[in-house]
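Comments concern the structure below.
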Protein chains: 2
Amino acid sequence: MSDWREFEQNPVSHSAAHHLTTIQWLLDDQGYARVSDVARHLGITRGSVSVTLKGLRQRGLVVEDDHKHLSLSEEGVQIARGIRTKRVLIQALFREVLGVPDEVAEQDACKVEHLISDQTAEATGGFLVGLEKISSDSQWTHLLESLQRLAAATPASFPGSATQELALRLEKKDPQGEDQPS
Amino acid sequence: MSDWREFEQNPVSHSAAHHLTTIQWLLDDQGYARVSDVARHLGITRGSVSVTLKGLRQRGLVVEDDHKHLSLSEEGVQIARGIRTKRVLIQALFREVLGVPDEVAEQDACKVEHLISDQTAEATGGFLVGLEKISSDSQWTHLLESLQRLAAATPASFPGSATQELALRLEKKDPQGEDQPS
DNA sequence: TCAACATGTTTGGGCTGCCAAACTTGTCGG
DNA sequence: CCGACAAGTTTGGCAGCCCAAACATGTTGA
């Protein structure tokens, strides 16, 4: 329990992460990004964006063009890409593996993208790559599909009885949890 | 226009979530919970806890015993259990499926526990239950293990080349150029 | 040329959540 | 009975982020 607030020492806050990824997205999409564009996309006021970006400029993550056009510094690009990659991976994990509807997967991924460790993100990537490689094996895909159905089976409420029961077991054997019902 | 700040309208904030689960943990562990215990456990001052708990009391989530002993209301228990369950499930997902070391899995789970939707949490539960059921079939466990190895293979840095490549593909094939930076 | 409009910035406020420090209580050993 | 200490509360500050509103600028169409 050393650091439950560890996310607070993240390179960028939740808010900053969204500012950066938004700028990058705007650049990709329309070739330029201004304060107003960012504000519109994030659904906040220009004033708020202006202030936040002032900070990000000072931190060297955002650069302002000669004519109020925004772009990202090398470091800014690095951070934005990392976060974006994490979002896509987590979203795919939830969607492809757990069978969660894409919109929900995206929302959840969006909420946690900047919190997931590099290690878990990388593991997600590795897992998905492996999954892709064996996706030609129909036996496996059948299994995965039935697991997905099972996963998405209870649209009712959380926590369902089976889930609750599993969670209790997981909690109990917390010490050295192995997945063996043996 | 899915709101990227959606987490802000959660029933409880990140901070509140930790206060609640801490009280529950303390009750389970030592049979009682006081302001000082919660403060110690969270690594913040008694003053902060005192103020926060005053709010949670007013919201009817926390109850104060006759002698400064804290406990949770019915609703408080509900919320705390839900969050705790989510943490355990996500942690297990990362550990058992992705092959992430338990400490890392716990840290990540801890950071996102209160953000994950009920639907994704339930799907995680369903998936793990299904996985458990077929864990006797060595064919699948072997497959899973090799996937885990693949997942955890690159302890190096994030994002690894394969992961990066996958992420790019995932991003590309996103149906609509992703109209919502969400 | 000039009013109208879009854009960017600044400022004052609010809310959450943390700390430090002063204060209040309650309990216990001498 | 009293001093000391642990526990709880209150208060003033600070930081992050958001809004609203007043301003400053720049572009444009009539």
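Scope of the values below: all heavy atoms of this structure, side chains included, with no hydrogens, waters or symmetry mates.
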query: Counting side-chain heavy atoms from C-beta on, which of dC19(C), dT9(D), dG17(C) comes nearest to Ser15(B)?
result: dG17(C)
- request: Calculate the interatomic distance between Leu53(A) atom CG and dC18(D) atom C1'; express it in whole Å.
  value: 14 Å
task: Tell me which nucleotide among dC18(D), dT9(D), dG8(C) gets nearest to the side chain of His19(A).
output: dC18(D)
- request: Using a cut-off of strictly less than 4.0 Å, decide whether Ser13(A) has a side-chain nitrogen or oxygen near OP1 or OP2 of dG16(D).
  value: no
task: Report the distance from atom NE2 of His67(B) to atom C1' of dA6(D), rounded to the nearest whole Å.
output: 16 Å
message: Just the rounded figure in Å: distance from P of dT24(C) to NZ of Lys68(B).
response: 15 Å
query: Starting at the 5' end of DNA chain D and moving along, which residue's nearest nucleotide shows up first, Gly47(A) or Ala16(A)?
result: Ala16(A)
task: Give a yes/no on whether any side-chain N or O of Ser50(B) is located under 4.0 angstrom from OP1 or OP2 of dT10(D).
output: no
message: Just to be sure I understand the rule, does Val51(B) reach a base, reach only the sugar-phosphate, or reach nothing, if contact means heavy atoms closer than 4.0 Å?
response: base
statement: Which of dT9(D), dT9(C), dA7(D) is nearest the side chain of Val35(B)? It is dT9(D)
query: Under 4.0 Å between a side-chain N or O of Arg46(A) and OP1 or OP2 of dT7(C)?
result: no
- prompt: What pair of heavy atoms forms the shortest contact from Leu115(B) to Lys111(A), and how long is it?
  reply: O-NZ, 3.2 Å
- request: Indicate, with a heavy-atom threshold strictly under 4.0 Å, whether Ser36(B) touches base, sugar-phosphate, or nothing.
  value: sugar-phosphate
For atom CG of Leu20(B) and atom P of dG17(C), their distance in whole Å: 12 Å
- request: From the options Arg84(A), Arg87(A), Gln91(A), select the one residue that forms a side chain to side chain donor-acceptor pair (under 3.5 Å) with Glu171(B).
  value: Arg84(A)
field: d(NE2, His69(A); C1', dT7(C)) in whole Å
entry: 11 Å
task: Please name the pair of heavy atoms, one in Val88(B) and one in Ala167(A), separated by the smallest distance, quoted to 0.1 Å.
output: CG1-O, 3.9 Å
task: Could you state the atom-to-atom distance from NZ of Lys54(B) to P of dA7(D) in whole Å?
output: 20 Å
query: What integer distance in Å separates Ile44(A):CD1 from dA20(D):C1'?
result: 14 Å
message: For a quick test of reading the model: is some side-chain N or O of Thr45(A) closer than 4.0 Å to OP1 or OP2 of dA20(D)?
response: no
field: Interatomic distance where CZ belongs to Arg40(A) and P belongs to dA6(C) [whole Å]
entry: 10 Å
- line: Correct closest heavy-atom pair for Lys86(A) and Glu113(A) would be CD-O, 3.4 Å
query: What is the minimum heavy-atom distance between Val104(A) and Thr120(B), and which atoms define it?
result: CG1-OG1, 3.8 Å
